[in-house]
Amino acid sequence: STPIAKLRLPEFKALGRANVVRQVSLNEVDSATLPGVGPREALLGTVDPAGMGMPMMWAEPATETPRFGDTETWEIYNHTEDAHPVHVHTVQFQVINRQAFDGLPRPPEAGETGSKDTVIAYPGEITRIKAKFTSRGRYVWHCHILEHEDGEMMRPLVVI
């Protein structure tokens, strides 16, 4: 095998400028029958002009519809009280930065400087990723916590 000192990672190539900036959200919906007990379910969605999350169900039409060949920046607003590992199918993306809703951007963490397919979105923060969509078709993006993924924390992604 190759000695550790001689191992080399492939050259990292940063993605070019994004054609689109897309705002998506991580949300929790409280129980209507058990108020104050905690969230009923976690949902993905979009962001309204005021920066508030707009939760959506899996069966609603896709809102994440990148064009084939486009490079997009996704701003992931985490309106929940939990950190969520967000996984986007069909792409390797780059983590750009994170910032608290009322703070300044900070760079990616040490282990996030290469190509990724999952990123931790921390509560009360915006996590920015950049991806180039080079595979047409229907895919998904979702939280990688199994209970969330099996619930409604998954949305369609359609590359057109």
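Just so it is clear, the values below take in all heavy atoms, side chains as well, and ignore hydrogens, waters and symmetry mates.
Side-chain contact between His79 and Phe101: present, with at least one pair of heavy atoms (C-beta onward) separated by less than 4.5 Å. Here the side chains of Leu157 and Val88 are in contact, with some heavy-atom distance below 4.5 Å. Side-chain contact check for Cys143 versus Glu149: every heavy-atom pair is 4.5 Å or farther apart. You'll find the side chain of Phe12 reaches within 4.5 Å of the side chain of Gln94, heavy atoms only. By the 4.5 Å heavy-atom criterion applied to side chains, Glu60 and Arg155 are counted as neighbours. Side-chain atoms of Tyr122 and Thr127, non-hydrogen and from C-beta on, never get closer than 4.5 Å to each other. Side-chain contact check for Pro105 versus Arg98: every heavy-atom pair is 4.5 Å or farther apart. Under the 4.5 Å side-chain criterion, counting only non-hydrogen atoms from C-beta, Leu26 is in contact with Val86.
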Cut-off 3.5 Å, no hydrogens considered: what does the side-chain donor-acceptor table look like for residues 14-23, sequence neighbours left out?
from: Asn19; atom 1: OD1; to: Thr71; atom 2: N; distance (Å): 3.0
from: Arg22; atom 1: NE; to: Glu72; atom 2: OE1; distance (Å): 2.8
from: Arg22; atom 1: NH1; to: Thr63; atom 2: O; distance (Å): 2.9
from: Arg22; atom 1: NH2; to: Glu72; atom 2: OE1; distance (Å): 3.3
from: Arg22; atom 1: NH2; to: Glu72; atom 2: OE2; distance (Å): 2.8
from: Gln23; atom 1: NE2; to: Glu75; atom 2: OE1; distance (Å): 2.9
from: Gln23; atom 1: NE2; to: Tyr77; atom 2: OH; distance (Å): 3.0

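Summarising the geometry, atom CZ belonging to Arg128 is positioned 12.0 Å from atom NZ belonging to Lys130; distances are rounded to the nearest 0.5 Å.
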request  = Evaluate side-chain contact (heavy atoms from CB on, under 4.5 Å) for Trp58 paired with Leu44, printing each intermediate quantity in order.
outcome  = CA-CA 8 Å; Trp58 162 256; Leu44 300 178; over 6 Å; no

ask   = Where do Glu41 and Met153 land on the side-chain contact (heavy atoms from CB on, under 4.5 Å) test, with the steps shown first?
value = CA-CA 8 Å; Glu41 63 187 339; Met153 205 167 200; over 6 Å; no

key: Working for side-chain contact (heavy atoms from CB on, under 4.5 Å), residues Glu152 and Leu43   = CA-CA 5 Å; Glu152 286 285 333; Leu43 301 171; 3.1 Å; yes

request  = Starting from the C-alpha separation in whole Å, work towards a yes-or-no answer on side-chain contact (heavy atoms from CB on, under 4.5 Å) for Ile76 and Ile126.
outcome  = CA-CA 5 Å; Ile76 305 167; Ile126 303 165; over 6 Å; no

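Between His148 and His84, the angle of the ring planes lies from 30° to 60°, which puts this pair in the tilted group.
Residues Gly45 and Asn27 approach most closely at N-ND2, 3.7 Å, considering heavy atoms. Scanning all heavy atoms of the two residues, the minimum distance from Ile120 to Ala83 falls at CG2-CB, 3.8 Å.
With sequence neighbours left out, His142 forms a ring pair (Phe, Tyr, Trp, His ring centres under 6.0 Å) with His87, His89, His144.
Linking Ile, Leu, Val, Met, Phe, Trp and Tyr residues whenever their side-chain heavy atoms come within less than 4.5 Å places Val24 and Val159 in a single cluster. Hydrophobic clustering, with ILVMFWY side chains joined whenever heavy atoms are under 4.5 angstrom apart, keeps Val47 apart from Trp141. Residues Tyr139 and Ile129 share a hydrophobic cluster, clusters being chains of Ile/Leu/Val/Met/Phe/Trp/Tyr side chains in contact below 4.5 Å.
At a cut-off of 3.5 Å, with distance as the only test, no side-chain donor of Asp82 or Thr80 sits close to an acceptor on the other residue.
Within 6.0 Å of the CZ atom in Arg67, the count of heavy atoms belonging to other residues, nucleotides or ligands does not exceed 12. In the displayed structure, Leu7 atom CG is contacted under 6.0 Å by more than 12 heavy atoms of other residues, nucleotides or ligands.
Asn97 places no side-chain N or O within 3.5 Å of a backbone atom of Pro107 that could act as its donor or acceptor partner.
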